[in-house]
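Everything on this sheet refers to the single structure shown next.
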Amino acid sequence: MDNDVLRQAPLFSSLDDEAATALRTSMTETGLRRGEVLFHEGDAGDRLYIVIEGKVKLGRSSADGRENLLAILGPGQMFGELSLFDPGPRSATVTAVTDSNFASLTHDDLLKWLDGRPMVANSLLGQLASRLRKANDVVADLVFSDVPGRVAKALIDLADRFGRTADDGVHVHHDLTQEELAQLVGASRETVNKALADFASRGWVRLEPRSVVIHDIERITRRAR
Ligand code: CMP
């Protein structure tokens, strides 16, 4: 297990080395191949996961089979805690976008671990609060922003987490298909492709399969506002 990656997770960020090692011993490692499902929306769940390597998508589907992506998570990010703090079924389906590894902890072990460790509970609350803030932004964007604005915002978010800066711009290997990008933005594939093609024709981005190079991060950031 990669300690540096675990350190980014809110469960670990406030622990000293000794405590982090103790917590790791109660964790189990799991792996998924690209396309495999870890659990489905509606399942009962008793574990929280931290992504060690790879990327997952968190999806929900409508009664008529349409899909929406709540988030793409990568190394150091955590999921699977909602069904503990707000007891109920899993609120999303988690599918590996690339081959991925996770460290997981049962909800019972997590509760024992939090007992008497207010700083760890504090970090977890911080993560939940920031997720709520982000979810509010997504709702506001669905109401107030046009599709190109939402596409630009999604690119910035993916660049922040998965981007690598090179001479020609920020290379973002998001590993998503065009359909998945559209599900993340909450628009049709055609509309999202049109927005991306427009950004490309202006020279702001270069499109590649499952990745994008952002040449002009300033213009994309401005378009995201
Ligand atoms: P749980 O409901 O147990 O299983 C699905 C998980 O997806 C959920 O816990 C959260 O950890 C995570 N999740 C749900 N909604 C979001 C969101 N909007 N952003 C990031 N993660 C989420």
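Fair warning: this is a prediction, and the values are worked out from it, not measured in the lab. All values below were derived from every heavy atom in this structure, side-chain atoms included, with hydrogens, water molecules and symmetry-related copies excluded. Note that ligands are numbered from 1 as they come in the structure, with each ligand's atoms numbered from 1 the same way. We count residues from 1, following the sequence as given.
- Residue contacts with ligand 1 for Leu82 involve both N, CA, C or O and side-chain atoms from C-beta outward (heavy atoms, distance under 4.0 Å).
- Checked for salt-bridge contact, Arg202 and Asp198 meet the test: a charged N lies under 4.0 Å from a carboxylate O.
- Note on ligand 1: Gly45 sits outside its first shell, no heavy atom being nearer than 4.0 Å.
- The closest approach between Ala92 and ligand 1 falls below 4.0 Å for a heavy atom of the residue.
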Begin with the C-alpha distance, continue with both residues' side-chain angles, and end with the deciding distance and a verdict on side-chain contact (heavy atoms from CB on, under 4.5 Å) for Leu69 and Glu180. CA-CA 7 Å; Leu69 292 184; Glu180 286 169 331; 4.1 Å; yes

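- Under 4.0 Å from ligand 1, the heavy atoms of Arg131 that appear belong solely to its side chain.
- Residues Glu190 and Asn193 have side chains not in contact (no heavy-atom distance under 4.5 Å, counting atoms from C-beta outward).
- In this structure, atom 6 (C) of ligand 1 lies nearest to the protein heavy atom Gly80 N, 3.7 Å.
- If you check each of Leu70, Leu128, Val138 against atom 15 (N) of ligand 1, the one with the closest non-hydrogen atom is Leu70.
- Note that NZ of Lys153 and CZ of Arg225 are 10.0 Å apart. Values are rounded to the nearest 0.5 Å.
- In this structure, Glu208 pairs ionically with Arg206, as a charged nitrogen and a carboxylate oxygen lie closer than 4.0 Å.
- With Phe39 as the aromatic partner, Arg90 meets the cation-pi criteria of under 6.0 angstrom to the ring centre and within 45 degrees of the ring axis.
- Listed by number with element, the atoms of ligand 1 under 4.0 Å from a non-hydrogen atom of Phe79 are 11 (O).
- When heavy-atom distances to ligand 1 are checked against a 4.0 Å cut-off, Glu81 comes that close through both its backbone and its side chain.
- Shortest contact from atom 2 (O) of ligand 1 to any protein heavy atom: Ser91 OG, 2.7 Å.
- For the atom pair Glu81 CD and Asp86 CG, the distance stands at 10.5 Å (nearest 0.5 Å).
- A salt bridge does not link Arg34 to Asp175: none of the charged side-chain nitrogens sits closer than 4.0 Å to a carboxylate oxygen.
- Scanning the protein for heavy atoms near atom 12 (C) of ligand 1, the closest one is Leu58 CD2, 3.5 Å.
- Close N/O approach between Ala71 and ligand 1 is not found [any backbone or side-chain N/O within under 3.5 Å].
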